[in-house]
Amino acid sequence: MMSIENKVVIITGASSGIGEATAYKLAEKGAKLVLGARREDRLQAIADKIIAAGGEAVYRATDVVKREDNVALVELAKTAFGRVDVIFLNAGLMPNSSFSALEQDNWDRMIDVNIKGVTNGIAAVLPEFTAQKSGQIIATSSVAGQKVYPGVGVYCGTKWAVKAMMEALRMESAMEGTNIRTATIYPAAIQSELVDSITNEASRAGSRALYDAHEIPATRVADIVAFAIDAPEDTTINEFTMGPTTQAW
Ligand SMILES: NC(=O)c1ccc[n+]([C@@H]2O[C@H](COP(=O)([O-])OP(=O)(O)OC[C@H]3O[C@@H](n4cnc5c(N)ncnc54)[C@H](OP(=O)(O)O)[C@@H]3O)[C@@H](O)[C@H]2O)c1
């Protein structure tokens, strides 16, 4: 049985919020981190901080929408640390608005990053995991992947897609005997840069008020990721719904 210590963990969307908090948490517990996101300066600062604290981390500027960037991140893990044990598919965007606003560019961005970011990540790591007959794929869905909220339609659609894909992956792993563990996390309001990146003003103001009233730190999600990784290899803890105690979701 192998716990978090010495596991090689890839995190996408590692440059802020949940991904950044998870990187620090897992590094503290002795994991070797491979960080991906588009903002390379942020990744470098995070890796420097981990290394200064005695941990291990490498990074690569990554756009999860590009298949080759996902493959390159897996290659970096193998070059730097010799293997991959876990991938946390966490990159995501939430530029919400109602359908009547016709923000098709934002719809396309969410579909690309939130869905293809996950399928591209799965494809990049699956050959390794299948060959070694072990591995863990963790994804960040959302409470918007369990319910539907008006004004959040496309985001909900992408996060429901994550739920569906991860469940099929879990079943296929069991049926194919590959020992690949899966976990999907469904957070409610978590402190990060997600809300401030909403471009539709009314949508941003609404979310800002909700988050100001309820949000909890991103380390709460990092704790869940650590828990999922730390579970015995014969145990898949499939889904985690979590959020502020005060939020009705
Ligand atoms: N905060 C919440 O309340 C909440 C609730 C439920 C679910 N979630 C989900 O949690 C995940 C993390 O979000 P967060 O809340 O931590 O927000 P965040 O601080 O905005 O972080 C989003 C991360 O995704 C990365 N990203 C965006 N587009 C990318 C791309 N094309 N390629 C690679 N990385 C990309 C960003 O990095 P770059 O900009 O540097 O690329 C950043 O590291 C998302 O999937 C989000 O949907 C968040």
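Just so you know, ligand 1 is whichever comes first in the structure, and atom 1 is the first atom listed for that ligand.
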**Q** Classify the side-chain pair Y24/E28 by whether it contains a donor and acceptor separated by less than 3.5 Å.
**A**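 The answer is no; no qualifying pair exists.
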
**Q** Could you tell me the residue and atom name of the protein heavy atom closest to atom 1 (N) of ligand 1, and the distance to it rounded to 0.1 Å?
**A**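 The closest one turns out to be I190 O, 2.9 Å.
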
**Q** Give the residue, atom name and distance (to 0.1 Å) of the protein heavy atom nearest atom 4 (C) of ligand 1.
**A**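 Heavy-atom neighbour on the protein nearest atom 4 (C) of ligand 1: L194 CD2, 3.8 Å.
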
**Q** For F227, does the CZ atom sit with more than 12 other heavy atoms under 6.0 Å from it, leaving out its own atoms?
**A** no

**Q** Can you sort out which atoms of ligand 1 are near D63, meaning under 4.0 Å from one of its heavy atoms?
**A** 30 (C), 31 (N), 32 (N)

**Q** Measure the distance from atom 47 (O) of ligand 1 to every protein heavy atom, then report the residue, atom name and distance (to 0.1 Å) of the closest one.
**A** Y155 OH, 2.6 Å

**Q** Checking a contact table here: which protein heavy atom is nearest atom 10 (O) of ligand 1, and how many Å away?
**A** T140 CG2, 3.2 Å

**Q** Measuring from atom 22 (C) of ligand 1, which candidate in S192, G17, G92 has the nearest non-hydrogen atom?
**A**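 Nearest heavy atom to atom 22 (C) of ligand 1 lies in G92.
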
**Q** Heavy-atom pairs closer than 4.0 Å: do any link ligand 1 to the side chain of K159, the backbone, both, or neither?
**A** side chain

**Q** What atoms of ligand 1 come closer than 4.0 angstrom to any heavy atom of Y211?
**A** 2 (C), 3 (O)

**Q** Assess whether a salt bridge exists between D105 and R109, defined as any Lys/Arg side-chain N lying under 4.0 Å from an Asp/Glu carboxylate O.
**A** no

**Q** Okay, side chain of D85, backbone of G135: is any donor-acceptor separation there less than 3.5 Å?
**A**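 No.
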
**Q** Would you indicate whether the side-chain heavy atoms of M171 and E167 approach each other to under 4.5 Å?
**A**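 They are in contact (side-chain heavy atoms under 4.5 Å apart), so the answer is yes.
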
**Q** Taking only non-hydrogen atoms of T62, do any sit less than 4.0 angstrom from ligand 1?
**A**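 T62 counts as a contact of ligand 1 under the 4.0 Å cut-off.
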
**Q** Which part of S141 is near ligand 1, with near meaning a heavy atom under 4.0 Å away: side chain, backbone, both or neither?
**A** backbone

**Q** Check for me whether A188 has a heavy atom closer than 4.0 Å to any atom of ligand 1.
**A**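 It does; at least one heavy atom falls under 4.0 Å.
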
**Q** Counting only heavy atoms, which portion of Y186 has something under 4.0 Å from ligand 1: side chain, backbone, both, or neither?
**A**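 Looking at Y186 and ligand 1, no heavy atom falls under 4.0 Å.
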
**Q** Quick one: does A37 get an N or O within less than 3.5 Å of an N or O on ligand 1?
**A**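 Such a contact does not occur with ligand 1.
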
**Q** Please check: side-chain N/O of S141 versus main-chain N/O of T184, any donor-acceptor pairing under 3.5 Å?
**A**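 No, because the side chain of S141 does not come within donor-acceptor range (under 3.5 Å) of the backbone of T184.
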
**Q** So which heavy atom in the protein is nearest atom 18 (P) of ligand 1, and how far is it from that ligand atom?
**A**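 Answer for atom 18 (P) of ligand 1: S16 OG, 3.4 Å.
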
**Q** Under 3.5 Å, is there a donor-acceptor pair between the side chain of W107 and the main chain of Y155?
**A**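 It does not hold such a pair.
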
**Q** Is it the side chain (CB and beyond), the backbone, both or neither of A14 that lies under 4.0 Å from ligand 1, heavy atoms counted?
**A**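 For A14, only backbone atoms sit under 4.0 Å from ligand 1.
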
**Q** A218: heavy atom below 4.0 Å from ligand 1, yes or no?
**A**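 No, A218 has no heavy atom closer than 4.0 Å to ligand 1.
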
**Q** Tell me if the CZ atom of R67 is crowded by more than 12 foreign heavy atoms within 6.0 Å.
**A**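 Result for CZ/R67: open.
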
**Q** Any side-chain donor paired with an acceptor under 3.5 Å for E233 and S134?
**A** no

**Q** Under 3.5 Å between some N or O of ligand 1 and some N or O of G13?
**A** yes

**Q** To check your reading of the model: name the closest protein heavy atom to atom 28 (N) of ligand 1, its residue, and the distance in Å.
**A** R38 NH2, 3.3 Å

**Q** Checking a contact table here: which protein heavy atom is nearest atom 32 (N) of ligand 1, and how many Å away?
**A** V64 N, 3.0 Å

**Q** Could you check T22, V84, V86 and say which one makes a side chain to side chain contact (heavy atoms under 4.5 Å, CB included) with V9?
**A**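 For V9, the side chain to side chain contact (heavy atoms under 4.5 Å, CB included) check succeeds only for V86.
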
**Q** State whether the side chain of S3 and the backbone N or O of D230 hold a donor-acceptor pair below 3.5 Å, judged by distance alone.
**A** no

**Q** Can you report which non-hydrogen protein atom sits closest to atom 44 (C) of ligand 1, along with the distance?
**A** N90 O, 3.2 Å

**Q** Measure I18 to ligand 1 on non-hydrogen atoms and call it side chain, backbone, both or neither using the 4.0 Å cut-off.
**A** both

**Q** Could you tell me which atoms of ligand 1, counted from 1 in the order shown, lie closer than 4.0 angstrom to a heavy atom of A189?
**A** 3 (O)

**Q** Check the side chains of S97 and N200 for a donor-acceptor pair under 3.5 angstrom, ignoring hydrogens and angles.
**A** no

**Q** At a 4.0 Å threshold, what atoms of ligand 1 neighbour a non-hydrogen atom of L93?
**A**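 Near L93, the atoms of ligand 1 are 27 (C), 28 (N).
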
**Q** Looking at non-hydrogen atoms alone, which of G19, S15, S197 comes nearest to atom 37 (O) of ligand 1?
**A**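 Among G19, S15, S197, the closest heavy atom to atom 37 (O) of ligand 1 belongs to S15.
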
**Q** With a 3.5 Å distance limit and no angle check, can you tell me whether S207 reaches the backbone of R204 through a side-chain donor-acceptor pair?
**A** no

